[in-house]
Asks: 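Dropping the structure in here first, questions after.
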Amino acid sequence: MHQPRCIVVDDYFDWQGDTPLNYPLRFSVIYETHVKGLTAHPNSGVEHPGTYRGVIEKIPFFKDLGVTSLEFLPVQEFNENEIIRVSPRTGKKLTNYWGYSTVSFFAPKGSYAADKTPGGQVNEFKEMVRELHKAGIEVILDIVFNHTAEGNEQGPTFSFRGLDNSIYYILNENRRYYQNYSGCGNTVNCNHPVVRTFIMDCLRYWVMEMHVDGFRFDLGSILGRDQSGRIMENPPTLEQIAEDPVLNSTKIIAEAWDAGGAYQVGWFPGGRWAEWNDMYRDNVRKYWRGDPKETRYLATRIAGSSDLYLRDGRKPFHSINFVTSHDGFTMQDLVSYNKKHNEDNGEENWDGSDNNISYNYGTEGPTKDPIVKSLRERQIKNFIATMMVSLGTPMLLGGDEFGRTQSGNNNAYCQDNEISWYDWSLLEKNAELYRFVKEMIAFRLSHPGFMRPEFFTGRGGAYKAIPDISWFDDKGQVPDWDEIGHYLALRLLGSKADTLADKDDNDFYIMFNSDIELQSFTLAELPHKKHWYRVVDTGLPSPGDILLPGNEEKLSSQRAYSVKARSIVILISKEG
């Protein structure tokens, strides 16, 4: 029996003048999704489910939602059949669904193509990129250089191990064994000159030949380890990626940790790298859950995490702000489960994180209780609104905009089934939630005040004595950060206060209440002829939860506003 090593493909493709879009990070709203899972469900309504063409068919949805960039889980060829376990519930074989086990770094995943002819996946991937670009949507790839599918010393040999084991992998003192900083059996020796050349060739290929706009580097800290596994101060691979002229405008986003204990959020080396900010995720989750002593940390995250990114000259947009991602609960599950439910993974529920910072509000899992359902939806709106008014680059987990659930599974890496697939019937069922998310994205992108290129200075802006950002407690006083409770307000001057901003913007007053009781907030005074208008109040039912431009409601009282329990309120200043 013979196994083909490769196929020859015709490189010609009619790009129709396409080039990568390369939006500046600060103007981006990222949507993380899985190519297959997006349209694999029978109710997805596409002609080519689970494929690159299926993604194309969903372009009208993405344009309506308003996101700027799709970040795909791995699309480089991998072996989905490498898992040998079966689901204890169904008895069906489990698969490598996420794809974090690359076999061929230059090849698009063949099974994601509707075109099954040899090499058809290459043209179909290019077609997907081209059509997304026509719609104004970027393509970012989650890429896995930290390990390969060859596993540990007991794994298969089909690539790097056979070429030169000691060059391509970080080995133990006993050279038979591998250092396992990835948690997947082996660790790629990323800073060896030969391996570094391979990595650069690969990245350039996906940018030059496939026109992608960026990369998210899985377990990115491994790219900063030397041949002995030590974390380097100035890793040549990370620096070369950041400085490479071909990748100059390409987004580079690090998962700034690995499974070997490295944690570099706020410290990731190499210059212009953005990072998944898991501290943002955790602090926002804790605040809205009502944890004590979290309000001061919420303020830091909303203001762009200067504690993490100011020290080395990076900017607020280098913080990728997210509350949920593929790795963990969906947002619906975050407000529906107190603990993970990964029994279907066949690992006796030991896999996946136990640190979910979640709350079920009285019932574990689905409920028919209208009070609990309403509270859960409000908390999802709070998460979304918080992300959209925070300095940084927001990232939305695909399906959160209409309440996608994985039934409490927070590690669905092996679930290529309805646990992971998008249930598109939820788009109609949760239409009010979808409307809120859509309008909240549009609100952010229409106001440069939320997309500033620099951190707040606290200095006076357009009105001289008024700082670019001011913080208040519920009584309108400067907060005692050591004693502040669950109430926080901020006044944000429009871009008039920022000489580097793009254009003038309105002023905003934003109030946060994570308490279980209604709270009256004292409002900041406005200059003559200006008044506060309500844009967002998550404590109100749809469509009052977010009002469209031109329909903002002038407050009857300009002195105080009552913010309902577990709610966020956004006011905008206008004349009249």
Asks: Do the non-hydrogen side-chain atoms of Phe160 and Asn165 ever get within less than 4.5 Å of each other?
Replies: no
Asks: Please find the pair of heavy atoms, one from Met210 and one from Trp15, that lie closest to each other, and give the distance.
Replies: O-CH2, 3.5 Å
Asks: What about the rings of Phe125 and Tyr112, do their centers lie closer together than 6.0 Å?
Replies: no
Asks: So, Asn283 and Thr300: side-chain donor and acceptor under 3.5 Å apart, yes or no?
Replies: no
Asks: Would a line drawn from the ring center of His447 to the ring center of Phe508 be shorter than 6.0 Å?
Replies: yes
Asks: Check for a donor-acceptor pair, side chain of Lys109 on one end and backbone N or O of Phe78 on the other, with a separation under 3.5 Å.
Replies: yes
Asks: Quick check for you: to the nearest 0.5 Å, what is the distance between Ser69 atom OG and Asn22 atom CG?
Replies: 10.0 Å
Asks: Check whether any side-chain heavy atom of Thr51 lies under 4.5 Å from a side-chain heavy atom of Met128, and answer yes or no.
Replies: no
Asks: Using atom types as modelled and distance alone, determine if a side-chain donor or acceptor of Tyr23 lies under 3.5 Å from a backbone N or O of Gly136.
Replies: yes
Asks: Could you check whether any side-chain heavy atom of Glu127 comes within less than 4.5 Å of a side-chain heavy atom of Asn123, counting everything from C-beta outward?
Replies: no
Asks: Would you please indicate yes or no on a ring centroid separation below 6.0 angstrom for Phe436 and Phe443?
Replies: no
Asks: Do the non-hydrogen side-chain atoms of Met388 and Ile441 ever get within less than 4.5 Å of each other?
Replies: yes
Asks: Could you check Asn146 against Tyr100 for side chain to side chain donor-acceptor pair (under 3.5 Å), going step by step and ending with a plain yes or no?
Replies: CA-CA 10 Å; Asn146 60 80; Tyr100 289 94; over 6 Å; no
Asks: Output yes when a side-chain donor or acceptor of Lys58 lies under 3.5 Å from a complementary backbone atom of Ser44, and no otherwise.
Replies: yes
Asks: Any donor-acceptor pair under 3.5 Å linking the side-chain atoms of Asp258 with those of Ser221?
Replies: no
Asks: Between Ala135 and Lys63, what is the shortest heavy-atom contact and its length?
Replies: CB-CD, 3.8 Å
Asks: Quick one: are Tyr168 and His192 in side-chain contact, heavy atoms under 4.5 Å?
Replies: no
Asks: Apply the side-chain contact (heavy atoms from CB on, under 4.5 Å) test between Thr68 and each candidate in Leu445, Ile137, Ile30; give the one that qualifies.
Replies: Leu445
Asks: Measure across Ala262 and Ile231 and return the closest heavy-atom pair with its distance rounded to 0.1 Å.
Replies: CB-CD1, 3.9 Å
Asks: Would a line drawn from the ring center of Trp273 to the ring center of Phe217 be shorter than 6.0 Å?
Replies: yes
Asks: Between Ile83 and Asn96, which heavy-atom pair has the shortest distance, and what is it?
Replies: CD1-N, 3.7 Å
Asks: Are Arg281 and Phe322 in a cation-pi setup, meaning NZ or CZ lies under 6.0 angstrom from the ring centre and within 45 degrees of the ring axis?
Replies: no
Asks: Does the pair Asp64 and Arg435 meet the rule for a salt bridge (Lys or Arg N to Asp or Glu O under 4.0 Å), with working shown?
Replies: CA-CA 10 Å; Asp64 184 67; Arg435 173 188 176 273; over 6 Å; no
Asks: Any donor-acceptor pair under 3.5 Å linking the side chain of Arg161 with the backbone of Tyr169?
Replies: no
Asks: Taking the side chain as every heavy atom from C-beta outward, state whether Val55 and Phe72 have any atom pair closer than 4.5 Å.
Replies: yes
Asks: For the atom pair CG (Asp416) and OG (Ser111), what is the distance rounded to the nearest 0.5 Å?
Replies: 8.5 Å
Asks: Looking only at non-hydrogen atoms, find the nearest pair between Met387 and Met395 and report the distance.
Replies: SD-O, 3.6 Å
Asks: Say you draw a straight line from CG of Asn189 to CZ of Arg196; how long is it, rounded to the nearest 0.5 Å?
Replies: 10.5 Å
Asks: For side chain to side chain donor-acceptor pair (under 3.5 Å), just list the numbers for His48 and Glu57, CA-CA rounded to whole Å, side-chain angles, deciding distance to a tenth of an Å, and then say yes or no.
Replies: CA-CA 8 Å; His48 305 285; Glu57 294 180 74; 4.8 Å; no
Asks: Just checking, is any N or O donor in the side chain of Asp327 or Ser325 under 3.5 Å from an acceptor N or O on the other one?
Replies: no
Asks: Is the backbone of Thr330 close enough, under 3.5 Å, to the side chain of Gln406 for a donor and an acceptor to pair up by distance?
Replies: no
Asks: Can you check side chain to side chain contact (heavy atoms under 4.5 Å, CB included) on Asp226 and Asn191, steps first, answer last?
Replies: CA-CA 6 Å; Asp226 66 16; Asn191 284 287; 5.6 Å; no
Asks: For a quick check under 3.5 Å, do His147 and Tyr178 share a side-chain donor-acceptor pair by atom type?
Replies: no
Asks: Any chance you could measure Ile199, atom CD1, to Cys190, atom SG, to the nearest 0.5 Å?
Replies: 4.0 Å
Asks: May I ask you to test the Val265-Tyr309 pair for a side-chain heavy-atom distance under 4.5 Å?
Replies: yes
Asks: Assign the ring pair Phe145 / Phe105 to parallel, tilted or perpendicular, where the plane angle (0 to 90°) is split at 30° and 60°.
Replies: parallel
Asks: Side-chain donor-acceptor pair under 3.5 Å between Glu82 and Ser101, yes or no?
Replies: yes
Asks: By salt bridge (charged side-chain N to carboxylate O under 4.0 Å, His left out), which residues pair with Glu275, not counting sequence neighbours?
Replies: Arg314
Asks: Side chain of Asn430, backbone of Leu433: donor and acceptor closer than 3.5 Å?
Replies: no
Asks: Salt bridge between Lys251 and Glu138, side-chain N to carboxylate O under 4.0 Å?
Replies: yes
Asks: Where do Ile510 and Ile302 land on the side chain to side chain contact (heavy atoms under 4.5 Å, CB included) test, with the steps shown first?
Replies: CA-CA 11 Å; Ile510 307 176; Ile302 290 171; over 6 Å; no
Asks: Would you indicate whether Glu428, at its atom CD, is surrounded by more than 12 heavy atoms from other residues, nucleotides or ligands within a distance under 6.0 Å?
Replies: no
Asks: Would you say Met279 and Arg301 make side-chain contact, with heavy atoms under 4.5 Å?
Replies: yes
Asks: So, Asn321 side chain and Tyr280 main chain: donor-acceptor pair closer than 3.5 Å or not?
Replies: no
Asks: Check whether any side-chain N or O of Arg130 sits under 3.5 Å from a backbone N or O of Asp18 as a donor-acceptor pair, and report yes or no.
Replies: no
Asks: Students often mix this up, so state it plainly: with edges at 30° and 60°, are the rings of Phe402 and Trp424 parallel, tilted or perpendicular?
Replies: tilted
Asks: Does the side chain to side chain contact (heavy atoms under 4.5 Å, CB included) test come out yes or no for Val212 and Val207, once each step is laid out?
Replies: CA-CA 5 Å; Val212 304; Val207 170; 4.2 Å; yes
Asks: So, does Asn79 use its side chain to make a donor-acceptor pair with the main chain of Val103 at under 3.5 Å?
Replies: no
Asks: In Å and rounded to the nearest 0.5 Å, what is the OG to CD distance from Ser159 to Glu150?
Replies: 5.0 Å
Asks: Measure the spacing between OH of Tyr97 and CD of Gln415 and express it to the nearest 0.5 Å.
Replies: 10.0 Å
Asks: Between Glu124 and Arg53 (salt bridge meaning N to carboxylate O under 4.0 Å), is one present in this structure?
Replies: yes
Asks: Where is the tightest heavy-atom contact between Ser353 and Asn410, given as atom of each residue plus distance?
Replies: O-ND2, 2.7 Å
Asks: Treating Glu439 as the side-chain partner and Leu548 as the backbone partner, does any N or O pair qualify as donor plus acceptor under 3.5 Å?
Replies: no
Asks: Show your reasoning for whether salt bridge (Lys or Arg N to Asp or Glu O under 4.0 Å) applies to Glu255 and Arg216.
Replies: CA-CA 7 Å; Glu255 184 181 36; Arg216 179 264 189 188; 3.1 Å; yes
Asks: Are Arg272 and Asp312 ion-paired here, with the side-chain N under 4.0 Å from a carboxylate O?
Replies: no
